[in-house]
Structures are given as structure tokens and as C-alpha cells.
Amino acid sequence: MKPTLLSLLSVLWLALSACTPSAAPTAEAVESSSPLNVVVTTSIVADVVKNIGGERVTVTTLLPIGADVHNYEPAPQDVARVADADLVFVNGAGLEEFLRVLIENAGAAEQVIEVSAGIELKDFGAHAGEETGNFPPAAEHTDGDPHTWTDPNNVKIWVENIRAALTAADPAGEAAYNANAEAYLKQLDEMDAWIREQVTQIPPQNRKLVTDHLLFGYFAERYGFEQVGAIIPAYSTAAQPTAQEVAEIENAIRALGVKAVFVGKTVNPALAQRVAEDTGIRLVGLYHGSLSEPGGEAATYLDYLRYNVTQIVNALK
């Protein structure tokens with residue numbers, strides 16, 4: 001009797017087990033198997049988002065490496081990418097002018113996060129040749145200077161905005177986002193200290209920046225430079241100087257003893273080359289609104305800063 005009863009109980013237990021539904025996967029398991037679909041505008045924003053999001057995000061970058069955000073024309077597939085995104089991270093501060101129509105067409109206004117939100121934007125006149133009066137005035141840009149990333153301390157604010165947005169969209173990932181953000185903030189602090197140390201190699205009288213367009217205002221203010229002017233006296237590479245403005249720039253370069261003109265690698269250098277030849281100063285390439293190709297000299301935002309600072313120091317020290 002005992003063996004028979006045990007056999008019957010075993011069969012009954014197996015039958016009941018087969019009818020019992022398996023436990024539903026936890027929210028964390030679901031989230032970890034489905035990374036957030038994130039779209040970003042530039043490779044610089046993309047790199048910072050990847051550092052905070054880690055494996056919990058899949059990042060698509062709208063602008064190809066080397067593209068100039070001021071001249072970018074979105075492709076039809078960009079509308080679909082933005083429409084399908086869980087979040088859309090943009091620099092903001094008026095930089096991505098091409099986004100206005102794109103966001104409207106995609107119906108994605110609620111998904112857009114401006115990483116520069118909360119940064120006190122600088123007036124171009126406050127750091128673009130105002131002290132010297134030798135350069136033509138900068139063209140107005142009502143939102144202020146959008147090139148916030150040239151100072152890594154501003155990117156610390158980016159990190160907080162990214163962390164908050166990712167956590168709101170994916171609460172299960174909060175611990176991961178916090179850990180990633182804290183680690184990256186530490187790297188930004190270390191980069192800030194390294195830049196300050198490097199700049200000490202440049203005599204104070206040589207800390208004058210002439211660029212192809214007004215880009216380095218935040219960098220100049222943080223690290224003791226004077227952004228005395230630009231070949232294109234505006235925030236955008238889409239602007240064009242007049243012959244009179246070019247002549248004024250060349251006269252100012254001679255009067256101020258400027259040692260180099262810094263030109264973006266994504267900008268046509270023809271005009272800057274002419275100014276350099278006319279004035280006899282060096283033409284030095286920098287990265288502006290884009291990183292280099294993966295594995296290149298400016299493949300990450302931190303590499304970008306390290307490369308640009310090294311170029312500036314070597315040219316001016």
C-alpha cells in the first residue's frame with residue numbers, strides 16, 4: 001500500500017506543478033532585457049550619455065562623426081528615429097536649430113531633454129574681444145553661447161540632467177545610473193585639475209584665443225584665457241565675415257601679438273588659412289562640436305578635451 005500511495009502522490013504533485021503558472025519576471029529583469037532606446041544629437045552628447053547609461057541604454061546619434069551641427073540637414077530616417085525614441089538628449093541652448101521641425105514632425109517634444117538646462121549661458125559680448133575692442137562685434141544669438149561643453153564643469157551639470165532623465169524613465173536602473181554618474185563626475189574633476197595644471201605652461205600674456213568662430217568662451221573664462229575674436233565673428237560656422245571684418249581681424253592679430261589661429265577640424269579652413277598666411281601666424285586644428293572616429297585622437301569627450309588643451313598649450317607656451 002505504501003509504495004502505491006507514494007506513487008499516486010508523486011503523480012498528483014507533478015500534475016499540480018504543471019498547472020501552476022511560473023512567476024512573472026521582475027520589473028528589473030524586464031528593464032535589463034530591454035535597454036532604453038535613446039537618440040542624441042552629437043557625438044559629444046552621445047559619449048556622456050553612454051557613460052551614465054551604460055548597458056541599460058542603446059544610443060543612436062543623429063549627426064555623423066565630423067558633421068557640423070550648424071549646417072546639418074536631417075535625413076528622413078531621423079524623424080522615425082526620434083519618433084521611436086524613449087528619450088532624446090540634445091545640447092540645447094539654441095545649438096540644434098535643425099531640431100525644431102524634426103521634433104514637430106516626430107511628435108516627440110515630451111521626450112526631449114536639454115543637457116545644458118540649468119547652465120548660466122554666457123553672452124557672446126562678455127567674452128569675445130570686449131576688452132580689446134579690436135575685433136568686429138559678435139553676431140547676436142538670443143539664447144546665449146550654446147558651446148557649454150568646452151568647460152568640463154558645465155558637463156557636470158549635463159551629467160545630473162542625464163542621470164535624472166534616465167532614472168525617471170527607468171527607475172529600476174537608478175543604482176546603476178548613480179554609480180556611473182559618480183564615477184564620471186570624478187573623472188571630470190580630474191580633467192579640470194589637469195587642464196589648470198597644463199595652462200600654467202602658457203605665459204599669461206600669450207593666453208589669447210583666435211578661432212574660426214566663437215566657441216571657447218566658457219573654456220576661456222574658466223582657465224584664464226581671453227577669447228579675443230574669431231575669423232567668423234558669430235557663434236555659428238554658417239555665418240560669413242565681410243572683407244572689412246577680415247581686415248579688422250588681421251589688424252587685431254598683429255596688434256595683439258596673437259600666436260595662433262585655432263580652426264575646427266569640421267570647418268573649411270580656407271579663410272583661416274588666408275588670415276594665417278597674411279599675418280604670419282600658425283594655423284592649429286582643434287575638435288569643436290564632434291569627436292573623432294572611434295579609436296582616434298578624440299574618440300571620447302575626455303580625449304577631446306585632452307587633445308584640444310595639448311594643442312592650445314603647445315601653440316601658445
Side-chain angles (χ1 to χ4, degrees), residues 40-48 50 61-74 90-91 95-98 128 138 145-152 154-155 191 194-195 198-199 202 208-220 223 225 227-241 246 249 253 258-279 281-317:
V40 302
T41 49
T42 73
S43 55
I44 295 175
V45 175
D47 183 62
V48 181
K50 289 174 184 176
T61 308
L62 293 180
L63 271 73
I65 291 291
D68 186 344
V69 68
H70 299 301
N71 298 315
Y72 182 70
E73 295 184 7
V90 306
N91 177 84
L95 180 74
E96 298 101 337
E97 294 181 355
F98 70 88
D145 186 346
H147 306 100
T148 58
W149 64 88
T150 59
D151 178 356
N154 285 339
V155 175
M191 177 57 66
W194 179 83
I195 294 173
Q198 294 300 304
V199 168
I202 305 174
K208 297 181 177 71
L209 297 176
V210 176
T211 53
D212 52 66
H213 73 294
L214 296 174
L215 175 78
F216 287 99
Y218 297 99
F219 175 87
Y223 300 109
F225 287 82
Q227 186 176 236
V228 295
I231 307 302
I232 302 170
Y235 87 99
S236 169
T237 52
Q240 289 296 324
V246 172
I249 289 167
I253 287 172
V258 173
K259 299 187 68 173
V261 174
F262 298 98
V263 182
K265 291 177 178 282
T266 61
V267 177
N268 185 336
L271 181 57
Q273 183 71 52
R274 172 188 147 193
V275 171
E277 290 173 355
D278 288 348
T279 57
I281 66 174
R282 292 179 60 190
L283 195 65
V284 179
L286 299 179
Y287 286 90
H288 282 184
S290 171
L291 303 179
S292 68
E293 294 288 347
E297 57 202 1
T300 70
Y301 172 63
L302 296 176
D303 290 338
Y304 161 102
L305 289 172
R306 193 173 292 108
Y307 178 87
N308 281 354
V309 169
T310 299
Q311 291 290 91
I312 291 170
V313 169
N314 288 341
L316 300 181
K317 67 181 180 181

**Complete:** Which of V228, I281, D278 passes side chain to side chain contact (heavy atoms under 4.5 Å, CB included) with I253? Answer is I281
**Item:** Closest non-hydrogen atom pair, L305 against M191
**Value:** CD1-CG, 3.6 Å
**Request:** For E277, enumerate each residue passing the side-chain hydrogen bond (donor to acceptor under 3.5 Å, both in side chains) test, keeping only those at least two apart in sequence or located in another chain.
**Result:** Q273
**Complete:** For residues 304-317, the salt bridge (Lys or Arg N to Asp or Glu O under 4.0 Å) pairs (sequence neighbours left out) are D303-R306
**Request:** Check the side chains of H70 and D68 for a donor-acceptor pair under 3.5 angstrom, ignoring hydrogens and angles.
**Result:** no
**Asked** Relative to each other, are the rings of Y304 and Y287 parallel, tilted or perpendicular (30° and 60° limits)?
**Response** tilted
**Item:** With A315 via side chain to side chain contact (heavy atoms under 4.5 Å, CB included) - residues at least two apart
**Value:** A260, F262, R282, V284
**Prompt:** How about F225 and F216: are their ring centres within less than 6.0 Å of each other?
**Reply:** no
**Request:** For L291 and I65, work out which heavy atoms get closest and say how close.
**Result:** O-CG2, 3.4 Å
**Request:** Tell me, please, which residues at least two apart from Y301 pass side-chain hydrogen bond (donor to acceptor under 3.5 Å, both in side chains).
**Result:** none
**Request:** Decide side-chain contact (heavy atoms from CB on, under 4.5 Å) for V309 and W194; before the verdict, give the C-alpha distance in whole Å, the side-chain angles of both, and the deciding distance to 0.1 Å.
**Result:** CA-CA 10 Å; V309 169; W194 179 83; 3.8 Å; yes
**Asked** For the residue pair G285 and Q311, what are the closest heavy atoms and their distance?
**Response** O-NE2, 3.5 Å
**Message:** Rounded to the nearest 0.5 Å, what separates atom CG in D47 from atom OG1 in T300?
**Reply:** 5.0 Å
**Item:** Gap separating the CD atom of Q227 from the OG1 atom of T211, nearest 0.5 angstrom
**Value:** 5.0 Å
**Fill in**
Between L215 and H288 the two heavy atoms that sit nearest each other are CD2-CD2, 3.1 Å
**Request:** Taking all heavy atoms of I202 and all of I312, pick out the closest pair and write down the distance.
**Result:** CD1-O, 4.2 Å
**Message:** When you measure from the side chain of T61 to the backbone of V40, do you find a donor-acceptor pair of N or O atoms at a distance under 3.5 Å?
**Reply:** no
**Request:** May I ask you to decide if T41's main-chain N or O and N91's side chain share a donor-acceptor pair within less than 3.5 Å?
**Result:** no
**Request:** Output every pair passing salt bridge (Lys or Arg N to Asp or Glu O under 4.0 Å) with a member in residues 287-297, not counting sequence neighbours, ordered by first then second residue.
**Result:** K265-E297
**Request:** Work out which heavy atom in F98 is nearest to a heavy atom in V69; give both atom names and the distance.
**Result:** CE2-CG2, 3.9 Å
**For D151, all residues meeting side-chain hydrogen bond (donor to acceptor under 3.5 Å, both in side chains), sequence neighbours excluded** = N153
**Message:** Treating N314 as the side-chain partner and T310 as the backbone partner, does any N or O pair qualify as donor plus acceptor under 3.5 Å?
**Reply:** yes
**Message:** Just verifying a value: how many Å separate Y223 OH and I195 CD1, rounded to the nearest 0.5 Å?
**Reply:** 3.5 Å
**Message:** Rounded at 0.5 Å granularity, tell me how far CG in L95 sits from OG1 in T148.
**Reply:** 8.0 Å
